[in-house]
Amino acid sequence: MTSQPERHAQSARRAVLGTALGGAAAAALPGTAHAEEPMSSPGAAGRPWKLRDTMTTDGAWARFLRDQDLLWTRLPTLWYEGPFLGDGQLGSMVYQEPGANKIRFTVQHGRVQDHRAEFGSGWGTCRLPVGHLTLEPAGTITAVDWRLSLWNAELTGTVTTTAGTLTLAALIHDEVLAVRVKAAGGERATWTFHPEEAISPRKISEAPPAGYTANPAWATRTTADGTEQVLQPLTGGGQTATAHRRTGDDLLLSVGHSHPSDTAAEADSLRNLRRAKSYSALRSRHTDWWHEFYRKSFVSFPDQRLQSFHWIQLYKVASASRAGGPVMATSGPWLEPTPWPAVWWNLNVQLEYWLIHGFNHPELDSLATTVRQNQEQLIANVPAAYRADSSGVGRSSDMFANRGVGRPGTGAETGDLTWALHNVWLSYRHSMDKSLLRDTIYPVLRRAINYYLHFLAPGSDGKLHLPSTLSPEYPVVPPQDTNYDLALIRWGCQTLLDSAELLGIDDELTPRWQEVLARLTPYPVDANGFMIGADTPYAQSHRHYSHLLMVYPLYLVNWDQPENRDLITRSLVHWHALTGAHRGYSYTGAASMYAMSGDGDTAISYLRKFFDPTTRYPCRANTHYTEAGPVIETPLSASQSLHDMFCQSWGGVIRVFPAVPATWADLTLHNFRTEGAFLVSAVRKAGTTRFIRVRSRAGEPLKLRHGLTGHLTAVLDDGTPARTRDLGDGTLGLDLPRGREVLVHTGSRPDLSIAPVAVSEPGPAWGLP
């Protein structure tokens, strides 16, 4: 059996153009040319409506999020057990100092890295450790009672010792770690900062490369106001400076990093402390930011353990990433000893950012800003012979995407930049920000696809073939036509064609992209489904789903194509039939693929494998994750798997409650962001969707697969009937101007309340409760 790329490409083109180019294009698509007519139930016209959002007050949010907080009644002893704090750059994890009666607050920063590209991303441009604080009580620690408040993004609680009690509070804001500790009884709080050697965390798994010299030793100094500074010069130029000051019960600490300047970091760290002033002053700004942050969206479902996990991931990604800041490395801003002290581009970085879209938080997208800001580096990453028209990135890099990419024909991994650009394209589709498409996606994707075009060549069958490339991270390299790359080439060429039309660009490469879509060899397939590549079956366990990108997340081969459903199912079943190499994201990926098929029960069964402590690599106590070292992407991708059960938007269609597990009878979504820049609110009660409200942020054509049965009412926010089209397959087309809202329901107008749902599956808090 072979796939049919031409039909898939045409389908993808129609889907994108139907949303991006307006109603005329949509109406011209086969099977969608229905007469427009107002749709409403008797008496609906003229009755304005408004959602009754119960989550508008600080009190409501504080109560709801308190139920999602992490709790500790025993002292965590490892990084994946303890509380974690961050502001997108500075990060800290809290756990017992190994082998000591002390509490460690790690001090790490997403911008702190080495600058010696000649030693590669593992050593020469890797993230570098900064240090850690220790809180040293007078007595022996006997108990802790801690809460990590999501609402306030603050750790609070007590430490009980044989001498008395320490009451602590801690947060990170504006690159300042602030801790307040009050001692009672015979206790006292002693703080010590411990600088750590500025060497790659990869030292746990291998020796430094030949010719590598250690960075110089740090130096310390004390300023006139009593601030202590640790200054770490770097052999490759630049500096890291850590400043900390204690005033009464408060300790404030900040980290600066500069390159190529050898002194700017010193001034930056002091300036951050001056701006913070005190714990109380910093906390006021901090809680204002977080309280506004959470209000942008809301979701509630009846599984307490998973609901709490889901909200913790939103807190986590906001602690780890902010637009304009460093792209997330494998461990985010919480660096620990690891073989992966860099940014990994062949799965990690993509999975890290998917959840921000549905949660309606584009302000967290440091991946899109990283690509925009480092276009020259992406050009420099390809061999010199191709830099006139090509770009790429190797498997791992620093925060500036500094890593060369191999050449097709040598078995190199070449598709990672194109996959990362799919993430940036998702950012465009969820915002409809044409400047992002014009200034970043189009020029960089054009160059990424050009790199492939240099190596595509016709075979004896008349089809275009790609020489040997690697499917991450399968251990066998196909001699040609790796599915990972074929899927990315198809998606890239189609996206360039659609984008050129939308932007009004008459690109000289248009005929070439059209030719590639028409002549590119079909995906290699055998009796078990998608192969790794030509003459290379999927024959041994594979943790990645790189050979299945055309299914997810690209949706080029999808469940809306009945002729491909058997192929998708066989591929999924065979992928998971060969066990041994599977990791947490193997389960989250399968969950999302089954969610695409509408099978919520199978989707949740795979997702729960990630939380099963009997699996080899389960989710850890504080919702972090580890393999050979800490990696941040898998828990974040688990939240996207939940999003894929709640609301999907691909192929130009919004699907509401497409794969909700049968046991989740009640579910509330509010301001869930979809492609087309729509905000969806919907309520499900007793297993039935009660209503869907959609707000348009960009005026795009709306196609809504609603899941409702019976006579539909679609009414605009002023009470007038919406103009609708029945597109078939349970899909409604609606005209919804920018800034307007539509309410869709059956029967009489339902209760339009947005509120938390009752918990039907209780579960313990995360942490060590």
Side-chain angles (χ1 to χ4, degrees), residues 85-92 94 105-113 128-135 152-156 168-182 189-196 198 218-234 238-293 318-326 333 363 366:
L85 306 165
D87 66 351
Q89 300 200 77
L90 184 63
S92 181
V94 187
F105 285 72
T106 68
V107 175
Q108 309 295 353
H109 197 288
R111 291 191 184 277
V112 175
Q113 67 164 74
L128 290 174
V130 176
H132 61 275
L133 288 161
T134 52
L135 173 60
N152 293 321
E154 181 181 34
L155 173 65
T156 59
L168 67 85
L171 55 85
I172 291 178
H173 190 75
D174 285 345
E175 297 188 72
V176 174
L177 168 62
V179 189
R180 172 171 287 172
V181 179
K182 295 180 179 293
T190 301
W191 286 103
T192 304
F193 178 69
H194 307 267
E196 294 173 6
W218 64 78
T220 61
R221 76 183 192 103
T222 303
T223 66
D225 65 353
T227 299
E228 296 183 18
Q229 270 194 314
V230 175
L231 307 178
Q232 173 65 67
L234 300 175
Q239 177 195 53
T240 301
T242 305
H244 60 97
R245 180 179 69 244
R246 184 173 180 183
T247 305
D249 296 326
D250 294 356
L251 181 140
L252 303 178
L253 178 147
S254 185
V255 176
H257 182 79
S258 59
H259 181 268
S261 171
D262 294 329
T263 58
E266 183 177 343
D268 288 346
S269 63
L270 293 174
R271 183 181 64 252
N272 291 339
L273 290 191
R274 287 195 298 268
R275 188 173 59 216
K277 295 184 179 179
S278 68
Y279 188 97
S280 297
L282 191 66
R283 186 182 189 276
S284 178
R285 301 198 302 269
H286 173 77
T287 55
D288 284 349
W289 189 93
W290 282 93
H291 294 175
E292 182 67 23
F293 169 82
S319 299
S321 178
R322 307 282 172 86
E363 75 276 14
S366 57

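Quick caveat: nothing in here was measured; it's all calculated off a predicted structure.
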message: Looking at R221 and E266, is any side-chain nitrogen of the basic one under 4.0 Å from a carboxylate oxygen of the acidic one?
response: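 Yes.
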message: Strictly below 4.0 Å, N to O, side chains only: are R271 and D268 in salt-bridge contact?
response: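 Salt bridge present between R271 and D268.
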query: Taking only residues two or more places apart in sequence, or in another chain, which ones meet R246 in a salt bridge (charged side-chain N to carboxylate O under 4.0 Å, His left out)?
result: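 R246 satisfies salt bridge (charged side-chain N to carboxylate O under 4.0 Å, His left out) with no other residue.
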task: With sequence neighbours left out, write down each residue that passes ring-ring contact (aromatic ring centres under 6.0 Å, His included) with F193, or none if nothing qualifies.
output: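 Counting only residues at least two positions away or on another chain, F193 forms a ring-ring contact (aromatic ring centres under 6.0 Å, His included) with H244.
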query: Do S321 side-chain atoms and G88 backbone N/O form a donor-acceptor pair below 3.5 Å?
result: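 No.
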task: Kindly say whether D250 contributes a backbone atom to a donor-acceptor pair with the side chain of T247 at under 3.5 angstrom?
output: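 No, the answer is negative, given that no donor and acceptor are paired below the 3.5 Å cut-off.
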message: So, taking the atom named CG in L168 and the one named CD in E154, what distance separates them when rounded to the nearest 0.5 Å?
response: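 The CD atom of E154 is 9.5 Å from CG of L168, to the nearest 0.5 Å.
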Atom pair CD (Q239) and CG (L234), whose distance is rounded to the nearest 0.5 Å: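 Answer for the CD-CG pair, Q239 versus L234, is 8.0 Å.
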- prompt: Is there a donor-acceptor contact under 3.5 Å linking the side chains of R245 and T223?
  reply: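 Side-chain D/A pair, R245 to T223: absent.
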- prompt: Taking the inter-plane angle between the rings of W290 and F293 on a 0 to 90° scale, is it parallel (under 30°), tilted (30 to 60°) or perpendicular (over 60°)?
  reply: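 Geometry flag for F293 against W290: perpendicular rings.
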message: So, using side-chain hydrogen bond (donor to acceptor under 3.5 Å, both in side chains) as the criterion, who are the partners of R274 when residues are at least two apart?
response: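 Once residues adjacent in sequence are excluded, R274 has no partner under the side-chain hydrogen bond (donor to acceptor under 3.5 Å, both in side chains) criterion.
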- request: Would you mind telling me which of Q229, E175, H257 makes a side chain to side chain donor-acceptor pair (under 3.5 Å) with S269?
  value: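 Among Q229, E175, H257, the one that satisfies the side chain to side chain donor-acceptor pair (under 3.5 Å) with S269 is Q229.
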